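Reviewing the structure listed below.
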Amino acid sequence: MHTNEFTLTPVPPYQFGSTVRSHGWASLAPFAWSAEANALERVLRLSTGQVVLLAMSAGSDGAVAVAAQHAAPLDAAEGDELERTAVRMLGTDEDLKGFFQVCEERGGVWRHAIGRATRLLRSATLWEDMVKIIATTNVQWGGTRGMVRRLVEAYGEPLPWDPKRRAFPTPEAVTAIAEDAFGAAVRMGYRTPYVCELARRIVEGDLDLAALEDPDLSTKELRKRLLGIKGVGAYAAAHLLMLLGRYDHIPVDTAFRSYVGARYFAGETPSDKVMLAVYDDWGPWRGWAYWHELLWEFQPPEDQELG
DNA sequence: TTCCAGGGGTAGA
DNA sequence: TCTACCCATGGA
């Protein structure tokens, strides 16, 4: 057994704990929260095929500690990929000063956002984020967790010394499976052909994920390309845009309608257009503003976070 | 049993 | 651009 430990120094302000709790991703396989280690763990398959076990936890002075266990030593390229992937998942390289500046100007409860210093937890790859977003549509959270768990258990590469723990399946692994077999194993219902087609497009080079992660691509063009993916509509595109660091669209779902209706319209639910207008003055930070308010419903801010 | 979820595709207007 | 209608699955 070999180990590789390193620390990430996030762009401040940053908090590991609030990032892990930023949405439900930490409870979707292969992510798992280890209470005893106080760490976010997951199995990760590197592009060389080596499968590693990652543990990410809060370090000192706002840093994030990452520890990887693997059966064989990692070469330089594998080490780079490991670190790049940890940065992607934790958003430690994301500069949100623009958003925190607006929160500072608004003051009041918005100072909580600065204290929380949250990034959205990402998956190891955009492919994994896309599959998981598709698995959240028109289903309750328990259903999403079940679909993702079955997908990982059926087709993820096992950790060599603990084969019950598996990585998220690659697109190549999914394309190697007949669609009806995939459907029977994963039980994603009508989402099955969407995921299979997505995997095929990635493997065949028809969909270039790296191009979608290019910060120089305009948000408008990026959204158009996301909407071109079968299974991705307005909600899923807005959510994926947030995971790609663009916060000007709000993922409108039943949670949005329920929360905004209760908070701003005395329990009534006007049209989506009217409810979305509540956040218009946040400009490019609309999505983040809504997301913070929704999070605070379940994770009420404490006064000591202020200032 | 019926309803519907952290919606989306499609056809037809 | 907007609206009906259908879509597998499983929890409530």
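Chain identifiers are assigned alphabetically (A, B, ...) following the order of the sequence lines, protein sequences preceding nucleic acid strands; residue numbering begins at 1 within each chain. Here the structure is a predicted model, which means the values were calculated and not measured.
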*Upstream residue (5' side of DNA chain B) when A:A255 and A:V232 are each assigned their closest nucleotide*: A:A255
_A:F256-B:dG6 aromatic stacking (under 5.5 Å, under 30°)_ = no
*asked:* From C-beta outward on A:Y194, which listed nucleotide comes closest to its side chain: B:dG6, B:dG9, B:dG7?
replied: B:dG9
_Rounded interatomic separation in angstrom, taking CE from A:M188 and P from B:dG8_ = 13 Å
*Test ring pair (Phe, Tyr, Trp, His ring centres under 6.0 Å) applied to A:Y247 and A:W282, A:W288, A:F99, A:Y290, the passing residue*: A:W288
*Roughly how far apart, to the nearest Å, are C:dG11 and B:dG8 at atom P?*
22 Å
*May I have the distance from A:L226 (atom CG) to B:dG9 (atom C1'), rounded to whole angstrom?*
17 Å
*Could you tell me the separation between the CZ atom of A:R145 and the C1' atom of B:dA5, rounded to a whole number of Å?*
16 Å
*asked:* Under 4.0 Å, heavy atoms only, any strand: does A:L294 hit a base, just the sugar-phosphate, or nothing?
replied: nothing
*Atom NZ of A:K132 to atom C1' of B:dG6: distance rounded to whole Å?*
15 Å
*Measure from the side chain of A:R191, starting at C-beta and using heavy atoms only, and say which of B:dG6, C:dA8, B:dG9 lies closest.*
C:dA8
*Just call it for A:W291: base, sugar-phosphate, or nothing, with non-hydrogen atoms closer than 4.0 Å on any strand.*
base
*Under a 4.5 Å cut-off applied to non-hydrogen side-chain atoms, are A:H23 and A:L243 in contact?*
yes
*How would you label the contact of A:G183 with the nucleic acid (heavy atoms, under 4.0 Å): base, sugar-phosphate, or nothing?*
nothing
*Take atom P in B:dG6 and the same atom in C:dT3, then report the distance between them in whole Å.*
23 Å
*Take the protein atom CD of A:Q140 and the nucleotide atom C1' of B:dG6, then report the distance between them rounded to whole Å.*
10 Å
_Ring-face cation of A:R286 near A:W291 (centre distance under 6.0 Å, axis angle within 45°)_ = no
*From B:dG6, B:dG8, C:dA8, pick the nucleotide closest to the side chain of A:A236?*
B:dG8
*Out of C:dA8, B:dA5, B:dG8, which has the shortest distance to the side chain of A:T254?*
B:dA5
*Does a donor on one side chain and an acceptor on the other come within less than 3.5 Å for A:Q69 and A:T3?*
no
*Can you tell which of C:dA12, C:dA8, C:dT9 lies closest to the side chain of A:R187?*
C:dT9
*Atom CD1 of A:I134 and atom P of C:dT9: how far apart are they, to the nearest Å?*
17 Å
*In a check of salt bridge (charged side-chain N to carboxylate O under 4.0 Å, His left out) between A:R122 and each of A:E94, A:E213, A:E128, which one passes?*
A:E94
*Rounded to the Å, how far apart are A:L295 CG and B:dG6 P?*
15 Å
_Between P on C:dC7 and CG on A:N138, what's the gap in Å once rounded to a whole number?_
13 Å
*Can you tell me if A:S47 and A:E81 form a side-chain donor-acceptor pair at under 3.5 Å?*
yes
*Which is true for A:G231 with a 4.0 Å heavy-atom rule: it touches a base, it touches only sugar-phosphate, or it touches nothing?*
sugar-phosphate
*At under 4.0 Å between heavy atoms, what does A:V252 touch on the DNA or RNA strands: base, sugar-phosphate, or nothing?*
nothing
